[in-house]
2 protein chains.
Amino acid sequence: MATIQEVAKYAGVSVATVSRVINTPDKVRKHTQFKVQNAIRELNYEPSVLGRSLRTSQTRLFLVLLPSISNPFYAQIINGIQNKAIESGYNILLCETDSDPAREVIFFNMIKNKLADGIISMDPTVNKERLIELSTKYPIVQCSEYAKDNTLSYVTIDSERAAYQAVKHLIKLGHKKIGLINFDKKFLYASERYRGYEKALKEFDLEIKDDWIYNTKHLNFESGQQAMRVLLNQADRPTAVFAVSDVLAVGALKELHINQLRVPEEMALFGFDNIEFSNVVYPPLTTVAQPMYDMGSISVQMLMSKIRGEEVESLVLDHHLIIRETT
Amino acid sequence: MATIQEVAKYAGVSVATVSRVINTPDKVRKHTQFKVQNAIRELNYEPSVLGRSLRTSQTRLFLVLLPSISNPFYAQIINGIQNKAIESGYNILLCETDSDPAREVIFFNMIKNKLADGIISMDPTVNKERLIELSTKYPIVQCSEYAKDNTLSYVTIDSERAAYQAVKHLIKLGHKKIGLINFDKKFLYASERYRGYEKALKEFDLEIKDDWIYNTKHLNFESGQQAMRVLLNQADRPTAVFAVSDVLAVGALKELHINQLRVPEEMALFGFDNIEFSNVVYPPLTTVAQPMYDMGSISVQMLMSKIRGEEVESLVLDHHLIIRETT
DNA sequence: CTGAAAGCGCTAACAG
DNA sequence: CTGTTAGCGCTTTCAG
């Protein structure tokens, strides 16, 4: 790679002028501009982000933190993020934290080190205190998952209400015994969806039975399957189950197949997230759709505002139920 | 963030000494070390990657190029990459190219700009010429997908042989009419898997019928489903189908469900990749397992060797068939 | 409109 | 063992 000095020498001007041609062309005479442009082309020059960053402290890059790329839920959000970012002249780097605090620190340091201009965090396992502290100094936006702290901006949905509606839908269908496959309640959305579940059951005077609630440790197919196995093993088992994530629901569905239970006749199932898989399994999964693409692109807009130093309002987007064939 | 100067002043030493304490502690007296360590702690100092990079031209970061994170095939490879990278003191940045050449350029520029020390490319759509050219200057390794060019290192499997074995397995089961759901043959693995398919059929004197071969444009569930729909619509339809990717196979399976065909009795199905989902669908998919984790970690080792300036041998790893219930 | 020069944070000779 | 200093590639005053 040629450096700015080489270009300057080649064009017979100073480095300052080269820099001006690149950043503020109006301040340079047309003729000089032309000479420099020519040198740039000839030498195949590209400004070094490193040198520039060191000087200006901006990289036009931002970090997207997510726990694991194997959860398809993130795929579409990232799509939205990526498109909007590129539109705004930014690039994104995906950072898989694997829910490992040590790894998180590495990525946080990247922003401290000015290797990135901002962070979109989608990681529910993120250290909230650290995130809040960091957000006082650097542009940070939370997407989907969020900490209950008003110094931190987020874009998300109303999980409690969505869960409430899902369970209500099961009730309207005549179900009286409704199970819940939940994720570890230390995650905000898990506890919110639990509350929605609870609220619906209470409203219709239905029993909330501990035996019908299973909290998984992990968010993968196997956990969902195992949860359903436990639920099925009860003498008095539920006739419908609400799973707080499609990944869990799909795993649960597998267990139903293994036990040759007819879905939804012998067991109804309601998922959450509307991941691509949910429409490929058989029968297609009834689920809650989040506006994933929008969540992604909006979080970028929010981040851009923050970078510009503007005040940013957090946002709760609409969801909707997608009734397919498991209910 | 505190700078090295502030630390130096606080500790009452020169910046050089601070730098030494960080990079080559042995060259510093214990007592001085202690003072500096203390200052570092007090001021919460972390070396700026930017300043360091500008000076040393290394970031201990590398880029992982992949077309799309929504293909679960990559998840496990990335796992292998990530673990090995961290072990080696490196960090990775995931770069989704979306098969968009423009985006590719951005990431390639990052390495030219010394923002990363190396690249692992898993993108089959990557511009091969550019990659080859780049690889003469920068450390680059291909993982899974590869260009047939011996200047470029890769780690992969023998796709042709794997496909051959898969189809042979179907033949041994008594199938005489075997369809193929393939991906665009401009991708090397697609053409290799095609060759394996062809070879097996020829060996057993079975008909290779164009109508039984469908090349999808995209690599997603829907394409697989559509492919199977076409295959089923034939008057003389195959009794078994080999799909070159689990994603396609899973989509195909959905179409079989919709048509109420019993699997494998009325239609057998063989996938490829052993993605997590393949064992969750019903019936569980027979497929080819690639050593994804190993591919990931080996590609890191290869990249490290390259960074150290060593010669690197490309590698073809073993695969194996996983016979589940769709055959 | 253009050039000279300072400096972003760091490392690595070089001297002592 | 430690300090001084040049310089990585760039942008940005400040003069002219």
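In what follows, chains are A, B, ... by sequence order, proteins preceding strands, each numbered from 1. Just so you know, these numbers come straight off a predicted model, no measurement behind them.
Listed by chain and number, the residues in a ring pair (Phe, Tyr, Trp, His ring centres under 6.0 Å) with A:Y146 are A:Y154 (sequence neighbours excluded). For A:Q37, the side-chain hydrogen bond (donor to acceptor under 3.5 Å, both in side chains) criterion is met by no residue, not counting sequence neighbours. Residues satisfying the ring pair (Phe, Tyr, Trp, His ring centres under 6.0 Å) criterion with B:F34, sequence neighbours excluded, are absent altogether. Evaluation of the ring pair (Phe, Tyr, Trp, His ring centres under 6.0 Å) rule for A:F183 yields A:F187 as partners, not counting sequence neighbours. Remark: B:D184 engages no residue in a side-chain hydrogen bond (donor to acceptor under 3.5 Å, both in side chains) (not counting sequence neighbours). Not a single side-chain hydrogen bond (donor to acceptor under 3.5 Å, both in side chains) links A:S48 to another residue, sequence neighbours left out. Legend: residues meeting side-chain hydrogen bond (donor to acceptor under 3.5 Å, both in side chains) with A:S297, ordered by chain and number and at least two apart, are absent.
Under the 4.5 Å side-chain criterion, counting only non-hydrogen atoms from C-beta, A:V141 is in contact with A:S299.
Listed by first and then second residue, the ring-ring contact (aromatic ring centres under 6.0 Å, His included) pairs involving residues 69-124 of chain A are A:F62-A:Y90 (not counting sequence neighbours). The ring-ring contact (aromatic ring centres under 6.0 Å, His included) pairs that include a residue from residues 292-314 of chain B number zero, where partners must be two or more places apart or lie in different chains.
Where DNA chain D meets chain A (any atom under 4.0 Å from a heavy atom), the bounding nucleotides read 5' to 3' are D:dG9 to D:dT13.
Between B:S48 and C:dG9, a side-chain N or O to OP1/OP2 separation shorter than 4.0 Å is absent.
The stretch residues 29-43 of chain B touches DNA chain D through B:R29, B:T32, each having a heavy atom under 4.0 angstrom from the strand.
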Hey, what are the protein-to-nucleotides 12-16 of chain C N/O distances that come in under 3.5 Å?
from: C:dA13; atom 1: N6; to: B:R20; atom 2: NH2; distance (Å): 3.4

